[in-house]
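Heads up, the thing below is written out as structure tokens.
On a predicted model such as this, the values are computed, not experimentally measured, just so you know. Hydrogens, waters and symmetry mates are skipped; everything else that's a heavy atom, side chains included, is used.
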Amino acid sequence: MLICEEQPADTPEIEALLDLCFAPGRTALSSYRLREGVAPVAPLCLLLRDGGAVQAAIRYWPVRVGAFQALLLGPIAVHPTAQGEGLGGWLIAESLARARNLGFERVMLVGDLPYYKRFGFSRLDGVVMPPPTNPERVLGLELRPGAWVDVAGDVTRDPAPPELPAQAAMPCEDAPLPRSQTDEQADGSDSSSDQ
């Protein structure tokens, strides 16, 4: 299995994977309104390839919560034939480590707390996603201690790309996936992961 940074040429294959994993109306979700016209955070948009085919993908987007910058995690998807192998969990952990190393302070998503709490996410009070998002499903993770303290307000698009150190795109490399890792529930099959 290879891990790669997403490239523009990968977009059709990743969109096909998202269509396969999620309902046709996925683009009507509130999270998609925050992504329109905004470039994703390229070094954190990762995919796993096996035999050349994309098996899993994760994306991150810049958003603002009030006056503060944050990362919006999602969507994350795992091909149905590879669900339950821990690929989604591995991509989440790997991408969060990269985000921390790049100096990002906070990450948010819309999802199920029982699944995401194992990565350190907890419910965010006072952070308001565009409707009709259930506030109970708005979750956050501090990449730096105290990063979510006193951060509240509406979540809006952040069209200014985050300042990142100049670096070349990572070539595909072997992904050190644990062979015995399995998720408690099927990766990517939960529609909340598409938020």
Problem set entry | Sidechain-backbone polar pair: Arg35 side chain, Gly74 backbone, donor-acceptor under 3.5 Å | yes
Exercise. Got a donor-acceptor contact below 3.5 angstrom from the Asp112 side chain to the Pro114 backbone?
Worked result: no
Exercise. Does the ring of Tyr115 carry Arg118 above it, NZ/CZ under 6.0 angstrom from centre and within 45° of its axis?
Worked result: yes
For this session: List the atom of Phe22, the atom of Ala77, and the distance in Å for their closest heavy-atom pair.
Result: CE1-CB, 3.7 Å
Seminar exercise, completed: In this structure, OG of Ser122 is separated from CG of Leu139 (nearest 0.5 Å) by 7.5 Å
Problem set entry | Leu47 side, atom CG; Glu13 side, atom CD - distance, nearest 0.5 Å | 8.0 Å
Seminar exercise, completed: When rounded to the nearest 0.5 Å, the distance separating SG of Cys21 from NE2 of His79 is 7.0 Å
Problem set entry | Heavy-atom pair of closest approach, residues Leu87 and Ala82 | CD1-CB, 3.7 Å
For this session: With rounding to the nearest 0.5 Å, note down the distance linking CD1 in Ile14 to CD1 in Ile58.
Result: 11.5 Å
Problem set entry | Side chain to side chain, Leu71 and Trp61, heavy atoms closer than 4.5 Å | no
Exercise. Please walk me through it: do Leu44 and Leu102 pass side-chain contact (heavy atoms from CB on, under 4.5 Å)?
Worked result: CA-CA 10 Å; Leu44 301 178; Leu102 286 170; 4.0 Å; yes
Exercise. Taking a hydrophobic cluster as the set of Ile, Leu, Val, Met, Phe, Trp and Tyr residues connected by side-chain heavy atoms closer than 4.5 Å, whether directly or through intermediates, do Leu20 and Leu18 fall within one such cluster?
Worked result: no
For this session: Show the numbers, then the answer: is there a salt bridge (Lys or Arg N to Asp or Glu O under 4.0 Å) between Asp10 and Arg49?
Result: CA-CA 11 Å; Asp10 299 319; Arg49 287 191 177 277; 2.8 Å; yes
Exercise. Below 4.5 Å, heavy atoms only, C-beta onward: do Ser95 and Tyr60 meet side chain to side chain?
Worked result: yes
Seminar exercise, completed: Minimal heavy-atom distance between Val110 and Ser31, with the atoms involved, is CG2-OG, 4.3 Å
Problem set entry | Common cluster, Val38/Leu34, ILVMFWY with side-chain heavy-atom separation under 4.5 Å | no
For this session: Flag yes if Met108 and Val128 sit in one hydrophobic cluster, no otherwise; membership is Ile, Leu, Val, Met, Phe, Trp, Tyr, and two members link when side-chain heavy atoms are under 4.5 Å apart.
Result: no
Seminar exercise, completed: For Gly153 and Val65 the tightest heavy-atom approach is O-CG1, 3.9 Å
For this session: Let me see the working for Thr11 and Glu6 under side-chain contact (heavy atoms from CB on, under 4.5 Å), right down to the final yes or no.
Result: CA-CA 8 Å; Thr11 299; Glu6 180 182 335; 3.9 Å; yes
Exercise. Would a distance-only check, ignoring hydrogens and angles, find a side-chain to backbone donor-acceptor pair under 3.5 Å from Gln69 to Arg64?
Worked result: no
For this session: Kindly write out the residues that satisfy side chain to side chain contact (heavy atoms under 4.5 Å, CB included) with Ala97, not counting sequence neighbours, or none if the list is empty.
Result: none
For this session: Please name the pair of heavy atoms, one in Val78 and one in Gln83, separated by the smallest distance, quoted to 0.1 Å.
Result: O-NE2, 2.9 Å
For this session: Check the hydrophobic clustering (I, L, V, M, F, W, Y; side-chain heavy atoms under 4.5 Å; chains of links allowed) and say if Leu141 and Phe119 are grouped together.
Result: yes
Exercise. Do Leu96 and Ile92 have side-chain heavy atoms sitting under 4.5 Å apart?
Worked result: yes
Seminar exercise, completed: dist Lys117:NZ -> Arg123:CZ (nearest 0.5 Å) comes out at 14.5 Å
For this session: Could you tell me whether the side chain of Arg59 reaches within less than 4.5 Å of the side chain of Ile76, counting heavy atoms only?
Result: no
Problem set entry | Non-neighbouring partners of Glu94 that pass side chain to side chain contact (heavy atoms under 4.5 Å, CB included), sequence neighbours left out | Ile3, Leu46, Trp90, Arg98
Exercise. About how many Å separate CG of Leu124 and CZ of Arg137, when rounded to the nearest 0.5 Å?
Worked result: 13.5 Å
Problem set entry | Leu2 and Leu48, any side-chain heavy atoms less than 4.5 Å apart | no
For this session: Mark yes or no for whether Glu142, through its side chain, and Arg106, through its backbone, hold a donor-acceptor pair below 3.5 Å.
Result: no
